[in-house]
Amino acid sequence: MSSMRDRMNRLRGESTKVDIVAEETNIEFKSLAEPDQAEHPDRLSPGWAAFGVELATNETGSFLRRVTRYPMDYRHGLHALQELYAAAPGLAAFHPSEQSAAEQILFLDLETTGLGVGAGNVPFMVGIGYMSKGHFVIEQTLIRHPAEERAMLMYLAEKLQQFSFLSTYNGKTFDWPLVESRFIMNGLGRKMWEPKHLDFLHPARSIWRNTLVSCKLSHVEEERLGIERVDDVPGSLAPQLYFQYLADGNPAPLEGVFKHNETDMLSLASLAIRFGHLLNGNIEAYIPLPDEPEEMVRTGLWLERMGRKELPSQLFDLFMSIQHSKPSTLVKLAARDKKAGNWGRAVLLWQKAIIHSPTHFGPAAHEASIELAMYYEHKLKNYDSALSYVNTAFEHALHQSSLFRADTKRKAELEALRNRIARLRRKALKTI
DNA sequence: ATCACAGCGGAGACTATGGA
DNA sequence: TCCATAGTCTCCGCTGTGAT
């Protein structure tokens with residue numbers, strides 16, 4: 001096995017910190033560099049070896065495979081891969097009552113011939129990543145024609161059984177249903193593995209939906225994980241490059257697809273580390289604290305939804321120490337405090353939301369005014385203070401409706417405010 | 001005792017978005 | 001092109017409160 005490693009690294013013509021090696025497996029490997037196998041009908045055409053691709057065969061047939069092993073101290077952006085060991089237990093929050101360890105997680109990313117999930121969409125490349133013997137191993141399999149799909153899937157099916165968590169980006173919707181349907185199409189049975197999903201698209205959206213222009217993996221990794229892709233082939237180009245290979249048999253353009261898929265896998269691991277740290281409560285120890293106020297609040301709210309109710313106070317306190325925040329963010333945290341019965345801070349946040357929108361009395365300031373009016377009316381029975389907040393909201397609403405066409409919603413809003421004012425006036429008069 | 005209203009929370013409809 | 005997910009919005013019923 002080590003001679004294979006030496007050979008592959010020689011073929012790469014460089015000594016890198018990343019080894020491309022053949023893993024221990026029941027798959028029989030053949031290599032171009034083996035002269036006695038060069039005549040084999042299933043031999044590999046010359047171009048593949050340049051980027052570490054080997055021929056793999058099993059009882060069902062053959063396919064191509066590329067294995068890349070990263071040492072634990074390898075840094076992909078802000079995070080080193082070894083952090084996954086510490087971070088992984090936190091990811092159990094995705095599946096309460098489960099325990100999670102780094103070695104149980106399988107990272108998966110497909111390259112397919114399209115975006116559909118119907119029978120016409122075929123995964124021509126399957127990338128999997130996992131922790132093994134002190135390395136992060138990335139295995140990428142590729143089929144040269146549809147007849148190789150079954151062998152590749154058989155190999156994948158065998159691998160899956162070793163893991164209990166499946167980590168993807170939008171894999172609940174895209175990757176995994178597609179894999180399942182390909183298993184069925186190839187007669188390999190249904191529900192052969194029921195993974196506990198760790199789909200990072202959704203937490204990414206929860207946290208960054210308003211602070212990043214897009215929650216695409218490539219954007220999140222660049223903006224928040226410190227990852228810069230150089231000469232990356234976009235995923236959307238993968239089908240074209242594969243069809244080009246099918247047409248001319250030249251594997252060279254597929255190297256970019258392998259690299260793209262490999263980077264996706266490393267970024268998935270980085271995201272797992274980031275979210276794992278957060279869920280473990282290692283907020284300051286491991287990650288740069290978000291400098292966007294909204295991100296702090298959204299991160300805190302996400303941690304609460306994930307059942308880590310004790311963790312967000314640090315983020316919320318930090319948020320409170322910031323001088324200027326968007327009124328909409330202030331109101332968001334206030335709503336959470338109101339629900340939790342934390343009235344003191346809720347009132348403070350609503351007041352801040354109004355103060356921070358002196359010139360443009362927007363929807364957040366409007367909401368804050370109404371909330372404060374409710375608070376003063378029902379909690380403190382201070383009808384005069386309640387009235388002053390409603391009056392402010394009413395004046396602005398009136399001004400708005402004079403600027404814009406008063407639709408039914410706006411009219412109903414004004415009517416509700418009038419009713420509220422009338423009621424508060426009655427109550428205020430009674431208490432004199 | 002009865003009624004009206006406000007507020008709240010749950011259910012369901014709707015929408016935007018990511019994956020190649 | 002499709003669809004799971006989460007966020008938003010709307011509707012409805014329940015509860016508490018205050019007025020009659």
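In this text, all values refer to a predicted model and were calculated from it rather than measured experimentally. Chain identifiers are assigned alphabetically (A, B, ...) following the order of the sequence lines, protein sequences preceding nucleic acid strands; residue numbering begins at 1 within each chain.
- Remark: A:Ser218 engages no residue in a side-chain hydrogen bond (donor to acceptor under 3.5 Å, both in side chains) (not counting sequence neighbours).
- A:Pro253 and A:Gln244 make their closest contact through CG-NE2, 3.7 Å (heavy atoms, listed as atom of the first residue, atom of the second, distance).
- Spacing between atom CG of A:Leu217 and atom C1' of B:dA20 amounts to 13 Å, rounded to whole angstrom units.
- Map A:Ala416 and A:Leu237 each onto its nearest nucleotide of DNA chain B; the residue landing nearer the 5' end is A:Ala416.
- To the nearest angstrom, P of B:dG19 lies 9 Å from CZ of A:Arg205.
- The side-chain hydrogen bond (donor to acceptor under 3.5 Å, both in side chains) pairs that include a residue from residues 263-279 of chain A are A:His76-A:Ser267, A:His79-A:Arg274, A:Glu83-A:His277, A:Glu221-A:Ser267, A:Arg229-A:Asp264, A:His260-A:Asp264, where partners are two or more places apart or lie in different chains.
- The side chain of A:Lys332 sits closest to C:dT8 out of B:dG19, C:dG7, C:dT8.
- Applying the ring pair (Phe, Tyr, Trp, His ring centres under 6.0 Å) criterion to A:Tyr376, with sequence neighbours excluded, gives A:Tyr389.
- Residue pairs meeting the ring pair (Phe, Tyr, Trp, His ring centres under 6.0 Å) criterion with at least one member in residues 288-309 of chain A, sequence neighbours excluded, are A:Phe275-A:Trp302.
- A:Arg423 has a side-chain polar atom (N or O) that falls below the 4.0 Å cut-off from OP1 or OP2 of B:dA6.
- For A:Phe163, the side chain to side chain contact (heavy atoms under 4.5 Å, CB included) partners at least two apart in sequence or on another chain are A:Leu106, A:Tyr130, A:Trp193.
- A donor atom on one side chain and an acceptor atom on the other are found under 3.5 Å apart for A:Ser206 and A:Arg305.
- A:Thr168 comes within 4.0 angstrom of nothing in the nucleic acid, heavy atoms only.
- Ring geometry for A:Trp343 against A:Tyr375 counts as parallel: the plane angle stays under 30°, on a 0 to 90° scale with 60° as the upper cut.
- The nearest whole Å value for the distance from the CH2 atom in A:Trp302 to the P atom in C:dT5 is 16 Å.
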Can you list, pair by pair, the side-chain donor-acceptor contacts under 3.5 Å of residues 308-328 of chain A, counting residues two or more places apart and other chains?
from: A:Arg308; atom 1: NE; to: A:Leu279; atom 2: O; distance (Å): 2.7
from: A:Lys309; atom 1: NZ; to: A:Glu304; atom 2: O; distance (Å): 3.3
from: A:Gln314; atom 1: NE2; to: A:Glu284; atom 2: OE1; distance (Å): 2.7
from: A:Ser321; atom 1: OG; to: A:Leu318; atom 2: O; distance (Å): 2.6
from: A:Lys326; atom 1: NZ; to: A:Glu294; atom 2: OE1; distance (Å): 2.7

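- If you take CZ of A:Phe174 and P of C:dC3, they are 13 Å apart, rounded to a whole angstrom.
- Applying the side chain to side chain contact (heavy atoms under 4.5 Å, CB included) test to A:Phe243 and every residue at least two apart in sequence or in another chain returns A:Thr113, A:Pro239, A:Leu246.
- When the salt bridge (charged side-chain N to carboxylate O under 4.0 Å, His left out) test is applied to A:Lys352, no partner is found at least two apart in sequence or on another chain.
- Nearest nucleotide to the A:His202 side chain, out of B:dA6, B:dG18, C:dA6: C:dA6.
- Here B:dG19 is the nucleotide among B:dC8, C:dG7, B:dG19 with the atom lying nearest to any side-chain atom of A:Tyr169.
- In this structure, A:Phe258 places its CZ atom 16 Å from P of B:dA20, rounding to the nearest Å.
- Using a 4.0 Å heavy-atom cutoff across all strands shown, A:Lys379 reaches no nucleic acid atom at all.
- Distance A:His197 NE2 to B:dG19 P: 17 Å, rounded to the nearest Å.
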Practice task
Whenever both distances are under 3.5 Å in a Watson-Crick or G-U wobble pair, mark it; put DNA chain B into dot-bracket that way, with [ ] for crossing pairs and | when the partner is on another strand.
Solution key: |||||||||||||||||||.
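- Under the 3.5 Å distance criterion, the side-chain polar atoms of A:Arg66 are matched with a main-chain donor or acceptor of A:Phe51.
- At the phosphate of C:dA4, neither OP1 nor OP2 sits under 4.0 Å from any side-chain N or O atom of A:Lys172.
- A:Leu268 places its CG atom 11 Å from the P atom of B:dG19, with the value rounded to the nearest Å.
- Contacts of A:Gly235 with the nucleic acid, taken as non-hydrogen atoms under 4.0 Å apart, involve only primed sugar atoms and P, OP1 or OP2.
- Applying the side chain to side chain contact (heavy atoms under 4.5 Å, CB included) test to A:Ser369 and every residue at least two apart in sequence or in another chain returns A:Ile354, A:Phe361, A:Ala393.
- Among the atoms of the strands shown, none is found under 4.0 Å from any heavy atom of A:Asn261.
- Distance from the side chain of A:Ser206 is smallest for C:dA6 among the nucleotides C:dA6, B:dA6, C:dC3.
- Residue A:Thr113 is classed as having no contact, given no heavy-atom separation below 4.0 Å to the nucleic acid.
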Review item, nucleotides 9-15 of chain B N/O atoms under 3.5 Å of protein N/O:
none

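- Residue contacts shown for A:Asp109 are limited to sugar-phosphate atoms, with no base heavy atom under 4.0 Å away.
- Listed candidates were B:dA20, B:dA6, B:dG18. Nearest to the side chain of A:Arg420 is B:dA6.
- Rounding to whole angstrom units, CG of residue A:Leu115 and P of B:dG18 are separated by 12 Å.
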What's touching nucleotides 13-19 of chain C from the protein side, N or O pairs under 3.5 Å?
from: C:dG18; atom 1: OP1; to: A:Lys381; atom 2: NZ; distance (Å): 3.3

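- In the set B:dA20, B:dG18, C:dT5, the nucleotide with an atom closest to the side chain of A:Glu111 is B:dA20.
- Among the nucleotides B:dG19, C:dT8, B:dA20, the one closest to the side chain of A:Arg298 is C:dT8.
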